[in-house]
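So the structure is just underneath, and the comments pick up after that.
We name chains A, B, ... by the order of the sequence lines, and we start the count at 1 in each one. Side-chain atoms are counted along with the backbone in the values below, which use heavy atoms only and exclude waters and symmetry mates.
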Amino acid sequence: MSKTASELAPFARNANAWPFEEAKKLVARVERTGQKQVLFETGYGPSGLPHIGTFGEVARTTMVRHAFETLTEGRIATRLIAFSDDLDGLRKVPDNIPNKELVAAHLGKPLTKVPDPFGEYNSFGEHNNARLRAFLDAFGFQYEFASATHYYQSGRFDATLLKMLARYDAVQNIMLPSLRAERASSYAPFLPIHPRSGIVMQVPLEEIDSSRGLVAWRDPDTGERFETPVTGGHCKLQWKPDWAMRWCALGVDYEMAGKDLIDSVKLSSEIARALDGTPPEGFNYELFLDENGQKISKSRGNGLTIQEWLRYASPESLAFFMYWKPREAKKLYFDVIPKAVDEYLAFLDAYPRQEWKLRLGNPAWHIHAGDPPPPEFIAHEGEAKGNPAGEAKSSPAGEAKSSPAGEAKRMAISFAMLLNLAAVANSEDPSVLWGFLRRYAPGASPEKFPRLDRMIRYAVVYFRDFVRPKKVYRAADEVERQALEKLSGALAALPANPSAEEVQTLLYDVARPIPRYQNFAAKGAAPEKPGVSNDWFSMLYQVLLGEARGPRFGSFIALYGVDNARTLIADALAGKFLADATK
RNA sequence: GAGCGCGUAGCUCAGCCGGUAGAGCAUUUGACUUUUAAUCAAAGGGUCCUGGGUUCGAGUCCCAGCGCGCUCACCA
């Protein structure tokens with residue numbers, strides 16, 4: 001299944017999947033500079049609890065990183081740092097925290113100086129950092145964490161900070177034209193941290209003394225004058241200069257950013273050049289939109305949270321969503337989940353059959369760092385082939401016949417199909433869905449198909465939250481009511497655990513004497529034994545399941561359980577579903 | 001105003017390095033289970049936004065235009 005690095009590299013050089021296109025920019029950079037290491041960066045703002053965009057940025061950056069390693073056959077070391085801007089001043093109290101008043105008393109201070117409202121860490125900043133790391137760790141991302149506070153205070157930025165002070169005018173010449181006159185008059189790239197209050201000050205600078213490495217400013221309240229070194233964590237930088245300084249000080253080679261930051265990247269890049277640095281490679285991905293085409297924002301709470309996605313589908317499907325068309329504005333809301341799941345599965349399914357050229361363009365390759373798991377599929381007719389883990393692995397791409405001769409027809413179960421099944425079965429019980437699947441492939445089981453089992457569990461949750469509320473039930477009229485009551489009674493009289501056939505026969509027998517459902521044109525119908533029309537079954541679906549169509553009803557009841565079915569009938573007749581529908 | 005993106009079947013979209021327009025859903029028809037879900041088979045349906053250009057050949061590349069959407073221009 002796998003190829004050695006040197007065998008893979010030629011394919012990688014011809015690959016045009018976007019992570020490779022990005023990685024090629026880095027290869028060119030490395031060839032230009034002769035550097036032996038490449039540094040990737042992703043950054044996190046101070047408001048910073050991890051969210052779906054955080055996942056996307058790290059996942060995408062990781063894909064580029066892996067593509068780069070493939071291109072260079074692992075000869076160039078790579079690192080990814082997750083940089084937290086925890087020295088930024090806290091601008092407002094977040095809504096979603098306890099002890100707001102405790103935090104409010106520290107507005108304006110660096111996050112690492114604000115007490116932790118959750119009482120778990122030394123500071124709010126450290127709390128957020130811990131959350132970020134836990135989040136990234138949960139997905140198994142490989143990264144090194146970096147704290148702005150720590151980096152500033154350790155002196156790691158000092159040399160670059162001093163350089164920026166020396167190039168103060170150049171930086172201002174870049175920044176000022178981008179600002180409105182009003183803001184420009186007071187703008188300074190250095191934000192001194194007030195030696196007494198600890199607040200990150202946004203004040204005009206009275207003096208720039210690069211020989212002594214400090215800036216002079218005045219407290220706007222008291223008028224007191226202070227001189228503050230730009231080094232050692234006594235000054236924070238404004239955002240765009242900060243970004244530039246960090247790139248230069250750390251030697252960042254790659255950082256991607258959303259399209260809303262295009263102008264910022266441009267300005268920061270200019271500043272980086274003014275510091276004799278080379279801005280990183282990178283690209284601008286599109287923002288996600290909500291169902292109405294609006295930008296997703298944490299404050300507005302529109303769109304989809306990562307927790308919500310993961311309630312309905314796997315992390316891999318989310319990674320697929322992030323891989324797919326990063327430059328196009330995509331809507332991110334519940335409806336896209338089933339499609340993302342199914343497309344991911346389709347790519348996973350195709351992977352073993354593909355040649356390497358195609359494999360390197362297959363999202364599954366990028367999502368799984370070059371080693372996608374084998375697809376699961378169940379087989380029709382009698383024996384389901386178990387999961388072909390070994391089988392798929394041992395069959396090389398080029399010669400992979402779709403299936404050995406005589407093997408039953410294989411079928412990948414899609415999320416859409418499971419949702420359909422859940423809808424018609426009206427069930428949140430995974431074992432009911434498994435029951436339906438076993439009718440198709442008797443050998444199938446959760447043990448043999450763990451991923452399918454997981455998907456079924458996701459599907460029933462999705463069904464419960466999104467599909468079931470859309471069901472349209474109708475009320476039974478008098479004839480229908482009597483028929484259903486009769487059916488319920490007849491079901492009760494059946495022996496325990498009836499077969500699907502028995503129930504199906506019962507259904508016909510119950511309907512046969514009812515004039516509305518008689519059909520003399522039916523196959524095998526006779527005057528003394530009328531056939532049963534479709535209307536009977538249609539009524540069952542509409543009244544009991546809220547669907548226009550449904551499963552073979554005898555099979556359904558046999559799987560669903562006679563008692564459950566009788567409860568279903570009772571509830572329907574009691575108008576329970578109607579009441580729910582009008583809510 | 002600037003930047004980014006989009007415009008292909010009724011709907012949602014795919015179309016990689018130019019080579020006879022595709023899928024899913026929807027619609028219609030058929031197969032199968034005592035007629036009904038899933039599944040399978042088939043059919044209908046397109047001025048690829050418009051106009052130029054390059055080319056033997058353009059949905060695809062280039063230019064211009066039209067329409068739509070988003071982002072930025074205060075802070076990160």
- Given that both distances must come in under 3.5 Å, which nucleotide forms a Watson-Crick or G-U wobble pair with B:C13? B:G22
- Message: Given 3.5 Å as the limit, does a donor-acceptor pair link the side chain of A:Lys236 with the main chain of A:Tyr152, or not?
- Response: no
- Item | Integer-rounded Å distance: B:A76 P and A:Leu261 CG | 12 Å
- Task: Classify the angle between the aromatic ring planes of A:Phe83 and A:Tyr151 as parallel (below 30°), tilted (30 to 60°) or perpendicular (above 60°).
- Result: perpendicular
- Message: At 4.0 Å (heavy atoms only), tell me whether A:Gln504 reaches a base, stays on the sugar-phosphate, or touches nothing.
- Response: base
- Query: Looking only at atom C1', what distance separates B:C11 and B:A26, rounded to whole Å?
  - Reply: 7 Å
- P atom, B:U60 versus B:A76: distance in rounded Å? 43 Å
- Note on the structure: To the nearest angstrom, the CG-P distance between A:Leu345 and B:G24 comes to 17 Å
- Taking the six-membered ring for Trp, is the centroid-to-centroid distance between A:His366 and A:Phe20 below 6.0 Å? yes
- Task: Calculate the interatomic distance between A:Phe347 atom CZ and B:C16 atom C1'; express it in whole Å.
- Result: 11 Å
- Syn or anti for B:C16 (syn when the glycosidic angle lies within 90° of 0): anti
- Which atoms form the tightest heavy-atom contact between A:Ala82 and A:Tyr44, and what is the distance? CB-CE1, 3.5 Å
- Give me the ring orientation class for A:Phe347 and A:Trp324: parallel if the planes are under 30° apart, tilted from 30 to 60°, perpendicular past 60°. tilted
- Note on the structure: When A:Lys339 and A:Leu506 are each assigned the nearest nucleotide of RNA chain B, the 5'-most assignment goes to A:Lys339
- If the P atom of B:C70 is compared with that of B:C17, how far apart are they to the nearest Å? 29 Å
- Note on the structure: Taken to the nearest whole Å, CG/A:Leu287 to C1'/B:A76 is 14 Å
- When A:Glu21 and A:Arg180 are each assigned the nearest nucleotide of RNA chain B, the 5'-most assignment goes to A:Glu21
- Nucleotide opposite B:G5 in a Watson-Crick or G-U pair, distances under 3.5 Å: B:C68
- Task: Rounded off to whole Å, could you give me the CG-to-P distance for the A:Asp342 and B:C13 pair?
- Result: 17 Å
- P atoms of B:A38 and B:G46, separation to the nearest Å: 27 Å
- Message: Please enumerate all residues that pass salt bridge (Lys or Arg N to Asp or Glu O under 4.0 Å) together with A:Glu126, with sequence neighbours excluded.
- Response: none
- Message: In whole Å, measure the gap between the P atoms of B:C62 and B:A43 for me.
- Response: 36 Å
- Pairwise C1' distance for B:G53 and B:U12, with rounding to whole Å: 33 Å
- Query: Expressed in angstrom and rounded to an integer, what is the separation of A:Tyr187 atom OH from B:A73 atom P?
  - Reply: 13 Å
- Message: Enumerate the salt bridge (charged side-chain N to carboxylate O under 4.0 Å, His left out) contacts for residues 415-432 of chain A, please, sequence neighbours excluded, ordered by first and then second residue.
- Response: A:Glu428-A:Arg468
- A:Leu90 CG to B:A76 C1', in whole Å, measures 12 Å
- Task: Could you check which nucleotide pairs with B:U54 in any of the strands shown, counting Watson-Crick or G-U wobble with both distances under 3.5 Å?
- Result: none
Where do N or O atoms of nucleotides 1-4 of chain B meet protein N or O atoms at under 3.5 Å, pair by pair?
residue, atom, partner, partner atom, Å
B:G3, N2, A:Lys259, NZ, 3.4
B:C4, O2, A:Lys259, NZ, 3.2

- Item | Distance between P atoms of B:A42 and B:A23 (Å, rounded) | 11 Å
- Message: Can a side-chain donor-acceptor contact be found between A:Asn129 and A:Asp86 if the only test is distance below 3.5 angstrom?
- Response: yes
- Message: Please verify the inter-ring angle class for A:Trp217 with A:His194; under 30° counts as parallel, over 60° as perpendicular, anything in between as tilted.
- Response: perpendicular
- Message: In whole Å, I'd like the distance from the CZ atom of A:Phe321 to the P atom of B:C13.
- Response: 12 Å
- Query: Within less than 4.0 Å of OP1 or OP2 of B:A73, is there a side-chain N or O belonging to A:Arg183?
  - Reply: no
- Note on the structure: Checking N1-N3 plus N6-O4 or O6-N4 for Watson-Crick, or N1-O2 and O6-N3 for wobble, each under 3.5 Å, the partner of B:C32 is none
- Are A:Tyr508 and the base of B:U34 stacked, counting only ring centres nearer than 5.5 Å and planes tilted under 30°? yes
- Task: For B:C13 versus B:A73, give the span between their P atoms, rounded off to a whole number of Å.
- Result: 28 Å
- Message: Can you tell me the base-pairing partner of B:A38? Count Watson-Crick or G-U wobble geometry only, both distances below 3.5 Å, and say none if there is no partner.
- Response: none
